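Every value quoted in this text rests on a predicted model; they were computed, and no experiment measured them.
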Amino acid sequence: KDAGRKPEAPKAPEAPKHPLGEFTGLKKFEVSEDNKELAGEDGVLLDKEKKVLIAYPAGKEDEEFKIPEGVEEIGPHAFENNKHIKKIELPDTVKKIGKGAFENCENLEEVKLPEDVKVIEEDTFKGAEKLEKINKPEKLEVIKDDAFKGVEKLDEKVKEELKKHEDLKYGDLTKDKKIDVTDLSTLALHLVGDKDLDKDQKVVANVREDEGVNLADLATLKRKVS
């Protein structure tokens with residue numbers, strides 16, 4: 001009965017989420033001072049201006065780490081797969097944390113987030129199953145999909161504080177868990193002054209995740225709906 005059936009094409013192997021994601025035994029980055037793009041500090045890889053933490057060695061055995069003052073962004077998957085780190089403190093200069101930044105840090109117990117972080121991206125703490133202590137940043141707006149998947153030990157009060165932000169999704173102005181033409185028309189009516197938005201709607205109407213709601217958000221949402 002299988003005669004004539006085309007054989008399935010072999011699946012391509014999945015690429016590592018981070019260019020350095022497979023080097024789980026790596027303990028330290030050393031960067032020449034002559035390097036024009038990268039810098040190293042305390043064994044950690046940063047951009048030359050030391051504003052972006054690109055990667056933390058997966059094999060680095062320190063149990064605590066304080067991210068250097070002046071870092072503004074934690075890169076995607078930066079700490080992924082480190083099995084030693086238990087406590088991480090981020091300085092107030094950090095404004096953005098990339099997708100999967102602490103994914104599969106299975107012994108991570110405590111994180112101090114800066115108050116200006118507005119978004120917790122997809123998979124940020126996914127698989128950090130021992131995480132118990134985390135603060136809700138004052139300016140937090142949205143927690144994206146699977147950010148805390150597999151994290152079960154958080155205090156119930158903290159879970160409740162985070163729950164509201166998990167229920168919000170940029171573009172979902174009607175709060176029906178999907179993005180469609182109704183959301184598009186709601187935003188259009190708001191921009192021409194024919195519809196008021198509540199506080200949560202104003203948050204998710206900022207589809208471009210910048211400083212305000214405007215026609216650029218409408219154009220971006222239109223592309224999403226299309």
Side-chain angles (χ1 to χ4, degrees), residues 15 17-19 21 37 46-55 67 70-80 90-103 111-126 134-149 161-226:
K17 297 177 183 178
H18 190 284
E37 297 183 2
L46 304 107
D47 73 320
K48 189 63 176 178
E49 296 181 348
K50 297 186 177 182
K51 291 186 176 180
V52 181
L53 192 156
I54 298 171
I67 292 171
V71 171
E72 297 177 359
E73 179 179 344
I74 310 302
H77 306 285
F79 286 77
E80 184 177 7
L90 286 72
D92 290 336
T93 51
V94 171
K95 303 293 189 294
K96 183 177 180 181
I97 301 172
K99 177 181 178 180
F102 307 103
E103 187 173 354
V111 176
K112 181 184 182 298
L113 298 175
E115 298 298 335
D116 286 344
V117 168
K118 292 184 177 181
V119 181
I120 297 179
E121 295 285 350
E122 293 100 328
D123 304 334
T124 298
F125 297 101
K126 182 179 179 181
I134 192 170
N135 60 302
K136 184 183 81 67
E138 183 179 337
K139 295 184 180 179
L140 182 64
E141 293 180 350
V142 172
I143 297 174
K144 294 189 178 179
D145 294 344
D146 293 335
F148 289 93
K149 186 174 182 179
E161 290 178 348
L162 296 174
K163 178 64 178 173
K164 173 185 173 182
H165 302 280
E166 291 176 336
D167 289 338
L168 298 181
K169 187 178 183 70
Y170 287 114
D172 183 16
L173 280 78
T174 55
K175 305 178 187 178
D176 61 357
K177 308 296 183 183
K178 58 184 179 180
I179 299 173
D180 54 22
V181 175
T182 307
D183 299 297
L184 188 63
S185 61
T186 300
L187 180 53
L189 289 171
H190 169 69
L191 290 172
V192 298
D194 287 346
K195 187 174 184 61
D196 291 330
L197 301 180
D198 63 28
K199 182 179 178 180
D200 289 343
Q201 286 178 310
K202 288 178 180 177
V203 167
V204 298
N206 185 15
V207 183
R208 296 174 73 243
E209 301 179 41
D210 53 16
E211 295 302 318
V213 178
N214 51 42
L215 289 172
D217 292 296
L218 184 65
T220 301
L221 184 57
K222 184 177 180 181
R223 288 194 293 272
K224 283 180 176 285
V225 171
S226 298

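- Across all their heavy atoms, Leu53 and Val71 have their closest contact at N-CG1, 4.0 Å.
- Side chains of Leu113 and Leu140 form no contact here, defined as non-hydrogen atoms less than 4.5 Å apart.
- The closest side-chain heavy-atom distance from Lys175 to Asp198 is below 4.5 Å.
- A pairwise comparison of heavy atoms in Leu218 and Ala188 identifies CD1-N, 3.9 Å as the closest pair.
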Could you please spell out the steps behind the side chain to side chain contact (heavy atoms under 4.5 Å, CB included) verdict for Glu121 and Thr124?
-> CA-CA 6 Å; Glu121 295 285 350; Thr124 298; 3.8 Å; yes

Go through Leu90 and Val111 one step at a time and tell me if the side chain to side chain contact (heavy atoms under 4.5 Å, CB included) criterion holds.
-> CA-CA 8 Å; Leu90 286 72; Val111 176; 4.1 Å; yes

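- Residue Glu73 holds its CD atom at 11.5 Å from CG of Leu46, rounded to the nearest 0.5 Å.
- Here the closest non-hydrogen pair linking Ala101 and Gly75 is CB-O, 4.0 Å.
- With values rounded to the nearest 0.5 angstrom, Lys96 atom NZ is found 12.0 Å from Ile74 atom CD1.
- In this structure, Arg208 and Asp217 approach most closely via the heavy-atom pair N-OD1, 2.9 Å.
- Taking NZ of Lys177 as the start and NZ of Lys169 as the end, the distance is 9.5 Å to the nearest 0.5 Å.
- Between the NZ atom in Lys99 and the CD atom in Glu80 there is a gap of 10.5 Å [rounded to 0.5 Å].
- Between Phe125 and Phe148, the angle of the ring planes stays under 30°, which puts this pair in the parallel group of the 30/60° scheme.
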Dump the intermediate steps for side chain to side chain contact (heavy atoms under 4.5 Å, CB included) on Gln201 and His190, then the final yes or no.
-> CA-CA 10 Å; Gln201 286 178 310; His190 169 69; over 6 Å; no

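- Expressed to the nearest 0.5 Å, how far CG of Asn214 lies from CG of Leu187 amounts to 9.0 Å.
- Between Glu115 and Asn135, some side-chain heavy-atom pair lies under the 4.5 Å cut-off.
- Across Pro114 and Pro91, no two heavy atoms sit closer than the pair CB-O, 3.4 Å.
- Checked options Glu209, Lys144, Glu141; the residue passing with Tyr170 is Glu141 (criterion: side-chain hydrogen bond (donor to acceptor under 3.5 Å, both in side chains)).
- For the side-chain hydrogen bond (donor to acceptor under 3.5 Å, both in side chains) criterion with Thr174, the lone passing option out of Asp180, Thr182, Asp183 is Asp183.
- Atom CG of Leu191 and atom CG of Leu215 lie 5.5 Å apart (nearest 0.5 Å).
- Asp123 has its side chain out of reach of Lys149: every pair of non-hydrogen atoms, C-beta onward, lies at least 4.5 Å apart.
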